[in-house]
Amino acid sequence: MIKIIADSTCDLTDEILQRYDIDILPLYIHLGEKEYKDRLEIQPEDIFSWSNDNNTTPKTAAPSIEDAVEAMKPYVEKGDEILMFAISEDMSATANVMRLAAEHLNYKEHVHVIDSASLSTGNGLLIVEAAIMAENKVPVKEIVDAIEELKPDVRASFVVDTLTYLHRGGRCSATTALAGSLLKIKPSIIVKDGKMDADKKYRGKLNKVILQYVQDMEQELLHAKKDRVFITHSGCDREIVDSVRAYLESLEHFGEIIETRAGSVISSHCGPGTLGVLFIKESE
């Protein structure tokens, strides 16, 4: 058997996790002296409230080796092959924690850690592809090779309503150059080679900015893998999300349009009002 374990930043819905029998390994969020497990013990709204009250952003941390060991143990005991997916190693030590846990269990030959070189449902897209292959009894080595080939084709980007969270967290170097216009610019942020960088810069009301951002990707969207596309957001107004869905539906391209809410780790770095459309480019 092949078991898939993903870190909590993948932002997949409970329905998808259940559909493909995927386990979650939570990262941590620190609000001052208090520590919480992502997805299990805290919600993004709690983070935004705390950040506003304290004029700062939370710290986030990778899972402990002990956490990773406990997540793997049941499947080690059954002799399963374990596929583990992690947020980009340029953003977190999570992938290395997974490797160290596998060594601790003397099981590293059967634990396959994939550095997604992405975040949120950019990672989630790869996880779903792997899960479908596993369901179809594809050998684990072939799955790993296929996912490594897919990684450069993942298109992960998002628009932020405020640069404050990214700037405070230091996760996106380009925000320093934009800091003087924190209240005016709503940039799109792209993930490339495992790192975040600013792309196009938008101005105006968030609803118009986000729709423009999606429309600007039309040609890429029309050349994406048709299986699915994710709309992932950190709590946008319903009308904004619905307008993005309606636009994607109008393209008549995707078999499945999946809306997900960003978890607490991702939300703590991008802030409220963030929305991304994430997909995989079709191989040429």
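Below, each value reflects all heavy atoms present in this structure, side chains not excepted, and no hydrogens, waters or symmetry copies. For this chain, numbers begin at 1 and follow the sequence in order.
With sequence neighbours left out, Asp193 forms a side chain to side chain contact (heavy atoms under 4.5 Å, CB included) with no residue at all. Qualifying side chain to side chain contact (heavy atoms under 4.5 Å, CB included) partners for Asp53, counting only residues two or more places apart in sequence or in other chains: Ser49. For the side chain to side chain contact (heavy atoms under 4.5 Å, CB included) test, residues two or more places apart in sequence or in another chain that qualify with Asp145 are Lys141. For Tyr107, the ring-ring contact (aromatic ring centres under 6.0 Å, His included) partners two or more places apart in sequence, or in a different chain, are His110.
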task: Test salt bridge (Lys or Arg N to Asp or Glu O under 4.0 Å) on Glu259 and Arg238 and set out the steps.
output: CA-CA 11 Å; Glu259 177 189 340; Arg238 187 72 253 162; 2.7 Å; yes

task: Could you give me the CA-CA distance, side-chain angles and deciding distance for Tyr36 and Asp46, then say whether side chain to side chain donor-acceptor pair (under 3.5 Å) is met?
output: CA-CA 11 Å; Tyr36 302 90; Asp46 302 322; over 6 Å; no

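Heavy-atom minimum distance, Pro272 versus Asp161: O-CB, 3.7 Å. Across all their heavy atoms, Gly273 and Leu206 have their closest contact at O-CD2, 3.5 Å. For Ile190 against Ser157, the heavy-atom pair with the smallest separation is CG2-CB, 3.9 Å. Considering every non-hydrogen atom in both Ala130 and Phe85, the closest pair reads CB-CZ, 3.5 Å.
With Ser8 contributing its side chain and Leu27 its backbone, the two residues share a donor-acceptor pair below 3.5 Å. Side-chain atoms of Asp115 come within 3.5 Å of backbone N or O of Ala117 as a donor-acceptor pair. Of the possible polar contacts, none joining the Thr9 side chain to the Ser120 backbone as a donor-acceptor pair under 3.5 Å is found. In terms of modelled atom types and a separation under 3.5 Å, the side chain of His30 and the main chain of Gly32 share no donor-acceptor contact. Side chain of Asp7 to backbone of Ile87: a donor-acceptor contact under 3.5 angstrom is found. In this structure, Thr13 contributes its side chain and Ile16 its backbone to a donor-acceptor pair below 3.5 Å. Side-chain atoms of Asp38 come within 3.5 Å of backbone atoms of Ser264 as a donor-acceptor pair (strictly under, hydrogens ignored). Distance alone, capped at 3.5 Å, is enough to place a donor-acceptor pair between the Ser51 side chain and the Thr56 backbone.
Ring geometry for Tyr202 against Tyr213 counts as perpendicular: the plane angle is over 60°, on a 0 to 90° scale with 30° as the lower cut.
Glu142 contributes atom CD, which lies 9.5 Å from atom CE of Met133 (distance to the nearest 0.5 angstrom).
Comment: Glu129 does not engage Lys151 in a salt bridge, judged by the lack of any side-chain N to carboxylate O separation of less than 4.0 angstrom.
Each salt bridge (charged side-chain N to carboxylate O under 4.0 Å, His left out) pair with one or both residues in residues 10-21, not counting sequence neighbours, appears once here: Lys3-Asp21, Asp14-Arg39, Glu15-Arg19, Arg19-Glu256.
Checked by atom type, the side-chain pair Thr232/Thr260 shows a donor-acceptor distance below 3.5 Å.
Leu12 and Val191 are members of different hydrophobic clusters when ILVMFWY side chains are connected at heavy-atom separations under 4.5 Å.
His104 NE2: 12 or fewer foreign heavy atoms inside a 6.0 Å radius.
As a member of the Ile/Leu/Val/Met/Phe/Trp/Tyr network built from side-chain separations under 4.5 Å, Tyr28 groups with nothing else and remains a singleton.
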